[in-house]
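What follows is one structure encoded as structure tokens, with my remarks underneath.
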Amino acid sequence: MLKGKVNVSEPTEVAVVYDYNGDNYVKTVKTAADGSFVFDFDLPAEAVDVLVYVENEPFGAYLKRGETTVMDIDTGGNVAFSGDNLAENKFLNAYTRGFYPMQYKPSPDLPFVLSDYLGRLEKNAGEARRLLASVKEPRKSRYSRMTDAYYNEVLLRLLGMDSSYSKTDHKAQMDSIIATIDPNADESRLTGIINYWYNQSDIHRKGNAATMVDYMKCQFAGIDSVLTNEGNKKSLWMTLGSMFMMYSPSENDVQDFFAAVEPQLSRAPMVKERIMEVYESMKPKVSNGDVVPTDPVIISPDGSKCHLSDLLGESVVYIDIWATWCGPCCREIPYMEKVVEQFKGNEGITFISISRDDSRQAWLKKLDRDKPEWPQYIFDKSSGDEFMNAMSITGIPRFLLIGKDRKFISVDAERPSNEKIAEILNAAIGKE
């Protein structure tokens with residue numbers, strides 16, 4: 001059993017996510033009014049390592065049949081564990097918090113400097129290894145392998161980022177790390193480092209693929225023949241299947257895809273189900289002329305709340321959905337400033353920006369520095385996620401153009417940097 005408490009002011013979703021032999025499971029509950037939560041479900045094995053998500057923040061925990069893990073999470077993301085298996089829980093949380101990707105995601109307020117990020121990696125890895133010393137065998141050896149693998153995965157990611165940003169050549173170092181990856185080890189799947197092995201392998205270079213379906217057939221079969229770990233096969237098949245669905249295939253293409261990889265997915269029904277969910281999620285759910293599908297709560301810098309619908313109906317509304325950590329989003333801000341200035345005093349159109357930031361502090365810091373002259377909001381987490389899902393928005397920046405009738409003029413409007421943006425917005429105003 002897992003139970004605990006989160007320092008929140010309103011009911012919040014908590015999710016437990018875990019991998020078992022390459023299949024991913026998700027359990028969710030809402031916290032009670034006091035922030036408490038309880039998970040009591042049958043484990044697929046004697047013990048499992050889990051990720052506990054509070055909104056988008058991940059924490060680590062260890063669950064064992066017949067025993068109880070208790071975790072209390074404060075507003076700063078600190079966790080106090082009690083109950084059983086304290087050593088495992090403390091290690092897994094440090095491991096999860098220390099290596100998860102957002103720790104190493106640059107932003108305009110935290111630019112990428114390789115030495116700084118490597119220092120963070122060393123510090124976080126050191127803390128995980130310190131706590132590992134209290135874990136008993138055989139889990140200690142397993143966790144040691146996981147720590148080494150995750151450390152290398154983050155290191156490869158940082159070296160790749162530095163190569164992109166500074167054009168520094170890290171190929172020799174990256175190749176030497178990749179050469180150590182065991183594609184059949186569980187830790188390669190659990191940390192995601194197996195993807196580096198796959199990209200460097202000969203599997204995707206083989207075969208004469210005339211179409212994307214042919215290519216996928218070759219890849220699925222190649223992975224099946226080279227690997228022996230069924231869980232690791234499932235992980236790579238899931239990645240490839242998701243990639244295929246992101247190319248917006250037709251219904252016939254999807255049918256051909258599943259027929260082509262049936263020899264593999266017949267042994268991985270959950271992977272097949274998840275790939276189909278990706279396909280369904282990629283389908284456009286809202287079109288031009290439709291009404292806004294949900295009414296998210298948005299919060300202004302002073303903390304006051306309103307609904308998106310409160311801002312609609314009086315004029316055309318041009319909405320910028322962005323985040324401080326999104327480089328392309330921030331590059332649009334100077335262009336947005338020019339567009340807002342150009343339409344200053346025009347009551348036919350309203351401009352608003354809504355942030356997807358998890359950190360309210362990072363958002364406020366950015367606003368304080370930029371001092372934008374148009375209304376700024378940040379999504380309430382729960383209703384914001386619901387809105388993004390209903391809109392099938394998987395990437396930002398995203399711009400929306402909504403008419404006075406509260407219907408979409410464009411569900412994927414041109415960016416402020418488009419040289420014809422003034423013409424497009426004037427045309428929208430003229431239609432009203």
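Side-chain rings of Tyr20 and Tyr25 stay apart, their centers remaining 6.0 Å or farther from each other. Side-chain rings of Tyr143 and Tyr95 stay apart, their centers remaining 6.0 Å or farther from each other.
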Hey, can you pull the donor-acceptor pairs under 3.5 Å for the side chains in residues 1-13, sequence neighbours left out?
| unit_1 | atom_1 | unit_2 | atom_2 | d |
| --- | --- | --- | --- | --- |
| Thr12 | OG1 | Glu10 | O | 2.9 |

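Checked by atom type, the side-chain pair Ser235/Asn232 shows no donor-acceptor distance below 3.5 Å. Side-chain atoms of Asn89 and Asn85 form no donor-acceptor pair, as typed in the model, at a separation below 3.5 Å. Between the side chains of Asn252 and Ser250, no donor N or O sits under 3.5 Å from an acceptor N or O.
Considering Tyr62, Phe91, Phe81 in turn, Phe81 is the only one that fulfils the side-chain contact (heavy atoms from CB on, under 4.5 Å) rule with Leu86. When each of Val154, Leu158, Asp162, Leu155 is tested with Tyr117 by the rule side-chain contact (heavy atoms from CB on, under 4.5 Å), just one qualifies, namely Leu158.
A donor-acceptor pair under 3.5 Å links the side-chain atoms of Arg65 to the main chain of Ala45, judged by distance alone. Without hydrogens or angle criteria, Asp295 side chain to Leu308 main chain gives a donor-acceptor distance under 3.5 Å. Ser176 places a side-chain N or O within donor-acceptor distance of the main-chain N or O of Gln173, the cut-off being under 3.5 Å. Formation of a donor-acceptor pair under 3.5 Å by the Arg406 side chain with backbone atoms of Ser309 is found in this model. Using modelled atom types, no side-chain atom of Asn288 and backbone atom of Phe408 make a donor-acceptor pair closer than 3.5 Å. Of the possible donor and acceptor atoms, one in the side chain of Asn184 sits under 3.5 Å from a partner among the backbone N and O of Asn229. Between the Ser163 side chain and the Asp169 main chain, no donor and acceptor come within less than 3.5 Å of each other. Glu137 places a side-chain N or O within 3.5 Å of a backbone atom of Ser141 that can act as its donor or acceptor partner.
Counting only heavy atoms from C-beta outward, the side chains of Leu265 and Val271 approach each other to under 4.5 Å. Side-chain contact between Thr294 and Ser383 is absent, with no heavy-atom pair separated by less than 4.5 Å. With contacts defined as side-chain heavy-atom distances shorter than 4.5 Å, the pair Tyr196/Ile177 does not qualify. Taking the side chain as every heavy atom from C-beta outward, Asp23 and Glu273 never approach each other to under 4.5 Å. Within the 4.5 Å cutoff, no side-chain heavy atoms of Thr324 are placed close to those of Arg369. Counting heavy atoms from C-beta on, the side chains of Glu57 and Tyr100 come closer than 4.5 Å. Side-chain contact between Phe220 and Pro263 is absent, with no heavy-atom pair separated by less than 4.5 Å.
Taking the charged nitrogens against the carboxylate oxygens, Lys305 and Asp380 have no contact shorter than 4.0 Å, which rules out a salt bridge. The pair Arg267-Asp224 counts as a salt bridge, with a side-chain nitrogen and a carboxylate oxygen less than 4.0 angstrom apart. Contact check on Lys217 versus Asp214 returns no salt bridge, with no Lys/Arg side-chain nitrogen under 4.0 Å from an Asp/Glu carboxylate oxygen.
Among pairs with a residue in residues 383-398, those fulfilling salt bridge (Lys or Arg N to Asp or Glu O under 4.0 Å) read Arg356-Asp385, Arg398-Asp412, at least two apart in sequence or across chains.
Residues Ala94 and Glu127 approach most closely at CB-CG, 4.3 Å, considering heavy atoms. Residues Glu332 and Pro397 approach most closely at CG-CG, 4.5 Å, considering heavy atoms. The shortest heavy-atom contact between Ser355 and Ile378 is O-CG1, 3.6 Å. Contact between Glu414 and Asn418 at its shortest, heavy atoms only, is OE1-ND2, 2.9 Å. Nearest approach of Val261 to Met216, heavy atoms of both residues: CG1-O, 4.1 Å. When all heavy atoms of Pro183 and Leu227 are compared, the pair lying nearest together is CB-CD2, 3.5 Å.
Few gaps surround NZ on Lys381; more than 12 heavy atoms of other groups in view lie less than 6.0 Å from it. The number of heavy atoms from other shown groups lying within 6.0 Å of CG (Asp302) is above 12. For Lys30, the NZ atom is densely surrounded, since the number of other residues' heavy atoms within 6.0 Å is greater than 12. Shown here is Tyr335, whose OH atom has no more than 12 heavy atoms of other residues, nucleotides or ligands within 6.0 Å. Heavy-atom neighbours of Glu262 CD from other residues, nucleotides or ligands within 6.0 Å: above the threshold of 12.
The distance from the CZ atom of Arg142 to the CG atom of Leu132 is 12.0 Å, given to the nearest 0.5 Å. Here the CG-OG1 distance, from Asn124 to Thr147, works out to 11.5 Å after rounding to the nearest 0.5 Å. If you take CD1 on Ile321 and CE on Met391, they are separated by 7.0 Å, rounding to the nearest 0.5 Å. If you take OH on Tyr150 and CG on Asn152, they are separated by 13.0 Å, rounding to the nearest 0.5 Å. Distance check, rounded to the nearest 0.5 Å: CD1 of Ile178 to CG of Asn199 gives 8.0 Å. Once rounded to the nearest 0.5 Å, the distance linking OH of Tyr318 with OG of Ser353 reads 9.5 Å.
Phe41 carries Lys27 over the face of its six-membered ring, with the cationic atom under 6.0 Å from the centre and within 45° of the normal.
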